[in-house]
Amino acid sequence: MSTFDPRIDAYIAKAADFARPLLEHVRELVHEVCPEVQETIKWGMPHFEYLGAMCGMASFKNHCSFGFWKATLLADPNGVLKLNEAVGMGSFGKMTSLQDLPKDKDLKALLREAMRLNEDGIKAEHSTRKKAIPKREIPEPDYFTTRLKKDKLADETWQKFAASHRREYLEWITEAKTEATREKRMNETFSQLQEGKSRHWKYQTK
């Protein structure tokens with residue numbers, strides 16, 4: 001019987017207007033295909049477990065993501081998976097509406113395949129069928145480094161951060177379309193660094 005974690009209800013309720021229908025739809029499909037699924041929150045984001053980790057979703061300021069824990073092992077006859085880091089985290093890239101999701105029948109097929117992998121006890125790290133694409137490195141822009149040298153408090157936080165936390169900030173800043181947007185993101189970044197916060201600190205469990 002399906003069980004629903006109230007923390008995920010709260011997560012969806014706090015998401016942006018564009019994100020809520022998408023997150024709700026994905027959640028509904030997961031429960032439809034796998035009634036025994038268990039919901040939880042990991043790394044501040046909703047995850048779904050069935051005999052182990054199976055899939056998860058996340059909402060950000062401008063996009064959502066949904067990913068399978070063993071995405072590189074899934075059979076994908078219709079080619080709907082997008083596992084290249086360049087298109088964003090998750091298995092379907094950066095999504096902003098329901099139209100960015102695969103057709104329901106394709107997503108259900110992937111969910112059933114993900115269930116089978118867990119039922120068979122197959123481990124992701126043992127796969128030789130596909131190799132995960134390493135995350136691309138983002139060079140630290142000169143304007144960022146220069147400002148960092150002038151801000152001791154922010155620099156201390158930056159030096160302690162893992163590569164993943166640094167990448168989140170650098171990707172957000174360098175993807176700005178205009179100089180004004182970039183400056184705004186820079187200001188917000190340094191404000192959060194001064195407080196020792198990661199890019200997505202709001203979604204981390206306390």
Side-chain angles (χ1 to χ4, degrees), residues 1-9 11-12 19 22-60 63-95 100-138 161-168 171 198-201 203-206:
M1 182 177 179
S2 294
T3 57
F4 295 85
D5 192 321
R7 293 175 298 172
I8 295 183
D9 293 328
Y11 184 97
I12 294 175
L22 197 156
L23 298 175
E24 290 170 350
H25 185 69
V26 168
R27 188 187 194 188
E28 180 180 339
L29 288 182
V30 171
H31 280 272
E32 179 181 339
V33 173
C34 184
E36 297 86 3
V37 72
Q38 297 294 315
E39 296 187 341
T40 188
I41 293 286
K42 288 186 177 181
W43 306 293
M45 297 174 285
H47 279 71
F48 304 96
E49 298 184 344
Y50 171 71
L51 301 177
M54 185 171 71
C55 54
M57 62 186 186
S59 174
F60 303 100
H63 72 277
C64 293
S65 68
F66 176 80
F68 290 97
W69 193 256
K70 301 174 183 176
T72 57
L73 293 175
L74 295 174
D76 184 25
N78 295 323
V80 298
L81 292 174
K82 299 178 182 178
L83 304 183
N84 190 320
E85 173 66 14
V87 301
M89 66 177 291
S91 300
F92 307 113
K94 296 179 179 180
M95 302 182 294
D100 293 327
L101 278 170
K103 294 179 180 178
D104 283 0
K105 64 180 183 64
D106 292 328
L107 184 49
K108 288 180 180 180
L110 290 172
L111 286 166
R112 285 191 287 268
E113 176 73 357
M115 290 175 62
R116 184 190 66 77
L117 291 175
N118 283 7
E119 289 170 348
D120 293 346
I122 297 175
K123 305 295 183 181
E125 60 269 25
H126 294 164
S127 172
T128 57
R129 291 169 55 190
K130 298 179 182 178
K131 292 184 179 180
I133 299 173
K135 293 185 176 180
R136 61 187 178 91
E137 293 185 8
I138 301 177
F161 269 173
S164 58
H165 285 334
R166 294 187 182 189
R167 187 187 306 111
E168 288 169 351
E171 183 177 39
S198 64
R199 168 81 177 92
H200 301 298
W201 65 272
Y203 303 116
Q204 295 175 346
T205 53
K206 298 181 180 179

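When reading the values below, keep in mind they use all heavy atoms of this one structure, side chains included, and skip hydrogens, waters and symmetry mates.
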Subject >> Backbone N/O of R7 and side chain of D5: donor-acceptor pair under 3.5 Å >> reply: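 Yes, D5 side chain to R7 backbone: donor-acceptor pair under 3.5 Å.
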Original post:
Any idea which heavy atoms bring A114 and L74 closest together, and the distance?
Top reply: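 Scanning both residues, the minimum pair turns out to be N-CD2, 3.7 Å.
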Side-chain contact, heavy-atom cut-off 4.5 Å: [X] with [Y]?
| X | Y | result |
| --- | --- | --- |
| M54 | V30 | yes |
| H47 | I8 | no |
| F60 | K94 | no |
| D106 | L110 | no |
| F48 | F68 | no |
| L51 | E36 | no |
| D100 | K82 | no |
| C55 | L111 | yes |

Original post:
Does the pair R116 and E119 meet the rule for a salt bridge (Lys or Arg N to Asp or Glu O under 4.0 Å), with working shown?
Top reply: CA-CA 5 Å; R116 184 190 66 77; E119 289 170 348; over 6 Å; no
Original post:
Do D9 and R27 sit within salt-bridge range, that is, some charged N less than 4.0 Å from a carboxylate O?
Top reply: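 A salt bridge links D9 with R27.
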Subject >> Pairing residues for E49 by the salt bridge (charged side-chain N to carboxylate O under 4.0 Å, His left out) criterion, not counting sequence neighbours >> reply: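 Scan of E49 (salt bridge (charged side-chain N to carboxylate O under 4.0 Å, His left out), adjacent residues dropped) gives K42.
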